Asks: 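Sharing a structure with you now.
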Amino acid sequence: MYHYTIAQWLLFFFFYCFFGWCFESSYVSGKQGRFVNRGFMYGPFLPIYGSGAIMMLVVSSPFQDHLIAIYFAGLVGATVLEYVTGMAMEALFHVRYWDYSNQRFQYKGHICLSSSVAWGFLTLFLTQLLHKPVEQFICGFSDRVSAVLASVIGAIALIDFVLSFKAAFELRDLLAKLEKAREEVEKAKEELARWQKRRDVEIALRAQESEQKKEQRKEQLEAWLAERREQAAAIADNARRKLQTRRILRGNPGMVSGRFKGSMEELKHLVLRIRKNESDKSDADQKE
């Protein structure tokens, strides 16, 4: 069994949050061909990795001499943690920060077999190799130094977490507004189509009806449709100006939303266009 002070447990948590951020950011940056500040938070923290590492240490501690038991304890524990975290974040923010829907043997996009198998091997790597030097390093601090470090890093991480939570809620509200505007545009299109169909019937039945009146009605509907489109464009433009929203989307390129699917894709395309325009402008400035 592991016997650590509360401060030491916190330092382990922060270390593995940072380790996970380094791993994820390096992997995603390599795939994207640019630096990606991976994850939910602004700073170099990925809480899912810190939580997962602590969970792996706890669930594997009764089986320290049995590698197979350690493997399956980590596999089950990490899978449960990933599922609960994914469900909670989707319930809060209506988006998924990771999505396994395109994987075989997945469940609701939050967990999949290949990921669970990897969690088991990661538990073995953590408990048998990585944690030992980390333990020596952190336990080398005195209790007083450990308490101070845990308090300082904890305060910084807490501020970051609160700001990141606020930005995630702003993204959720922005998607809701954009989705509502999109629905109104679709309803306007349907109403216009129905009106045009009725107009054709009325023309056939009542040829003497005033053309001016029909055109006026059409113009009113088209004006209303244009107003809805402007509203959707204004909401999307608001997303362009929100750096927090852009950071979340850039840092989580695989993010999806079942509830706001169309709006999420629209925002992603908008961020890509903004980045391309910024890149083109930067290249032009350098040439000048």
Side-chain angles (χ1 to χ4, degrees), residues 1-29 35-64 70 73-89 91-93 97-98 118-170 244 247-248 251-252:
M1 300 291 290
Y2 296 105
H3 301 284
Y4 304 125
T5 65
I6 294 177
Q8 287 171 336
W9 276 114
L10 286 172
L11 290 177
F12 288 135
F13 172 77
F14 295 136
F15 174 84
Y16 290 119
C17 284
F18 176 71
F19 176 82
W21 177 85
C22 291
F23 171 76
E24 283 270 347
S25 295
S26 299
Y27 175 73
V28 177
S29 296
F35 173 71
V36 176
N37 181 13
R38 188 76 171 102
F40 174 75
M41 300 174 70
Y42 289 98
F45 297 102
L46 273 178
I48 186 65
Y49 276 85
S51 303
I54 299 302
M55 179 278 305
M56 289 174 183
L57 292 174
V58 172
V59 299
S60 66
S61 60
F63 316 108
Q64 291 186 15
I70 290 175
L75 182 152
V76 173
T79 300
V80 171
L81 177 65
E82 188 174 36
Y83 178 75
V84 171
T85 303
M87 288 286 289
M89 295 187 76
L92 281 172
F93 309 124
Y97 282 78
W98 62 88
W119 285 125
F121 285 112
L122 186 59
T123 303
L124 288 174
F125 171 72
L126 174 73
T127 57
Q128 303 304 305
L129 296 174
L130 179 61
H131 187 65
K132 293 178 181 179
V134 174
E135 179 185 51
Q136 292 177 354
F137 175 70
I138 290 179
C139 290
F141 298 127
S142 66
D143 290 345
R144 190 171 191 178
V145 172
S146 297
V148 171
L149 285 175
S151 299
V152 172
I153 299 174
I156 295 172
L158 179 60
I159 293 172
D160 191 337
F161 186 78
V162 170
L163 293 175
S164 300
F165 230 73
K166 181 175 179 293
F169 275 117
E170 288 178 351
Q244 297 159 322
R247 194 213 66 78
I248 293 177
N252 299 275

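Here the structure is a predicted model, which means the values were calculated and not measured. Basis for what follows: all heavy atoms, side chains included, without hydrogens, waters or symmetry-related copies.
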Asks: What's the verdict on side chain to side chain contact (heavy atoms under 4.5 Å, CB included) for Leu11 and Ile153, showing C-alpha distance, side-chain angles and the deciding distance?
Replies: CA-CA 8 Å; Leu11 290 177; Ile153 299 174; 4.3 Å; yes

Asks: Asp160 vs Ile156, test: side chain to side chain contact (heavy atoms under 4.5 Å, CB included). Steps then yes/no.
Replies: CA-CA 6 Å; Asp160 191 337; Ile156 295 172; 5.5 Å; no

Asks: Trp9 vs Tyr4, test: side chain to side chain contact (heavy atoms under 4.5 Å, CB included). Steps then yes/no.
Replies: CA-CA 6 Å; Trp9 276 114; Tyr4 304 125; 3.6 Å; yes

Asks: For Leu126 and Ala53, work out which heavy atoms get closest and say how close.
Replies: CD2-O, 3.7 Å

Asks: Can the ring centres of Phe165 and Phe161 be said to be less than 6.0 Å apart?
Replies: yes

Asks: Just to verify, what does Glu24 make a salt bridge (Lys or Arg N to Asp or Glu O under 4.0 Å) with, not counting sequence neighbours?
Replies: Arg38

Asks: Just verifying a value: how many Å separate Phe23 CZ and Phe18 CZ, rounded to the nearest 0.5 Å?
Replies: 14.5 Å

Asks: If I compare all heavy atoms of Thr127 with all of Ile70, which pair ends up nearest, and what's the gap?
Replies: OG1-CG2, 3.8 Å

Asks: Quick one: closest heavy-atom pair of Ala157 and Phe14, and the distance?
Replies: CB-CE2, 4.1 Å

Asks: CD1/Ile159 to OG/Ser164 distance, rounded to the nearest 0.5 angstrom?
Replies: 11.5 Å

Asks: When rounded to the nearest 0.5 angstrom, what is the spacing between NE2 in His131 and CD in Gln136?
Replies: 10.0 Å

Asks: Side chains of Tyr49 and Cys17: does their closest heavy-atom pair fall under 4.5 Å?
Replies: no

Asks: Could you report the tightest heavy-atom contact between Ile138 and Phe12, atom names first, then the distance?
Replies: CD1-CD2, 3.4 Å

Asks: Look up atom CE in Met55 and atom OH in Tyr16, then write down how far apart they are to the nearest 0.5 Å.
Replies: 12.5 Å

Asks: Enter the distance from Ser60:OG to Leu75:CG here, rounded to the nearest 0.5 Å.
Replies: 13.0 Å

Asks: Minimum heavy-atom separation for Ser26 to Cys22, with atom names?
Replies: OG-O, 2.7 Å

Asks: Can you list everything that forms a side chain to side chain contact (heavy atoms under 4.5 Å, CB included) with Phe137? Sequence neighbours excluded, please.
Replies: Phe141

Asks: Should we say atom CD1 of Ile6 is surrounded by more than 12 heavy atoms from elsewhere, each under 6.0 Å from it?
Replies: no

Asks: Under 6.0 Å from the OH atom of Tyr27, do we count more than 12 heavy atoms belonging to anything else shown?
Replies: no

Asks: I'd like to check Leu122 versus Trp119 (side-chain heavy atoms, cut-off strictly below 4.5 Å). Are they in contact?
Replies: yes

Asks: Give, for atom CG of Leu81 and atom CD1 of Ile54, the distance between the pair rounded to the nearest 0.5 Å.
Replies: 11.5 Å

